[in-house]
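One structure is given here, and the rest of the page talks about it.
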Amino acid sequence: MSSTDTYARFYQVIRQVPQGYVVTYGQVAELAGLPRRSRLVGYALRQMPDGVNIPWWRVVNSQGRISPRGLDGCDEYQRILLEEEGVAFNDAGRIDLKRFGWIAD
DNA sequence: AAACTGACTAATA
DNA sequence: CTATTAGCCAGTT
């Protein structure tokens, strides 16, 4: 029982992200009380256990872009979901974190 | 235990 | 702006 709890913290943070906002991997890790575990956030989302419904698509990298997974369609799907929520992408396919970046209370 | 890998980030060129 | 390098920490082999 260690990695499971760690993932649970990430999920808890991500679940708090409101619609129309996004957070970076490092931000999720920091809010979860685990700074510098940005890569673990990616692991957690990759594993994504069933039964845990979380808005994983609101998690992007520090550049405000969708981290490539190698599998086409997944990242594309994420972009569509965000656009549906009101998150705007610029010509470079990036998000303006200054406006859409979520700031915890 | 050691080496490799990765949905990351920040610093350089 | 993009491309490359290095640092990072945990999971996998």
Q: Could you pull out all residues at least two apart from A/Ser67 that satisfy side-chain contact (heavy atoms from CB on, under 4.5 Å)?
A: A/Tyr25, A/Asn61
Q.
At a heavy-atom distance below 4.0 Å, what parts of residues 29-55 of chain A sit against DNA chain C?
A. A/Arg36, A/Arg37, A/Arg39, A/Leu40, A/Tyr43, A/Gln47
Q. Taking only residues at least two apart or on different chains, which pairs with a member in residues 13-22 of chain A satisfy side chain to side chain donor-acceptor pair (under 3.5 Å)?
A. none
Using a 3.5 Å cut-off and no angle test, enumerate the donor-acceptor pairs between side-chain atoms of residues 70-85 of chain A and protein atoms at least two apart in sequence or in another chain.
from    : atom 1 : to      : atom 2 : distance (Å)
A/Asp75 : OD1    : A/Gly73 : N      : 3.4
A/Gln78 : OE1    : A/Arg69 : NH2    : 3.1
A/Gln78 : NE2    : A/Trp57 : O      : 2.9
A/Gln78 : NE2    : A/Val59 : O      : 3.1
A/Arg79 : NE     : A/Glu83 : OE2    : 3.4
A/Glu85 : OE1    : A/Arg58 : NE     : 2.9
A/Glu85 : OE2    : A/Trp57 : NE1    : 3.0
A/Glu85 : OE2    : A/Arg58 : NE     : 3.4
A/Glu85 : OE2    : A/Arg58 : NH2    : 2.7

(Q) Quick check: do A/Tyr11 and A/Pro49 have side-chain heavy atoms less than 4.5 Å from each other? (A) yes
Q) Atom CG of A/Asp91 to atom P of C/dT2: distance rounded to whole Å? A) 12 Å
Q | d(CZ, A/Arg65; P, B/dC8) in whole Å | A | 13 Å
Q. Counting only non-hydrogen atoms, which of residues 8-26 of chain A are less than 4.0 Å from DNA chain B?
A. A/Thr24, A/Tyr25, A/Gly26
Using the 3.5 Å cut-off, write out each protein N or O paired with an N or O of nucleotides 10-13 of chain B and the distance between them.
none

Q | Residue pairs passing the salt bridge (charged side-chain N to carboxylate O under 4.0 Å, His left out) test where at least one lies in residues 94-105 of chain A, sequence neighbours excluded | A | A/Asp96-A/Arg99
Pairs under 3.5 angstrom only: tabulate donor-acceptor contacts from the side chains of residues 27-45 of chain A to other protein residues two or more places apart or in another chain.
from    : atom 1 : to       : atom 2 : distance (Å)
A/Gln27 : NE2    : A/Trp102 : O      : 2.6
A/Arg37 : NH1    : A/Pro35  : O      : 2.5

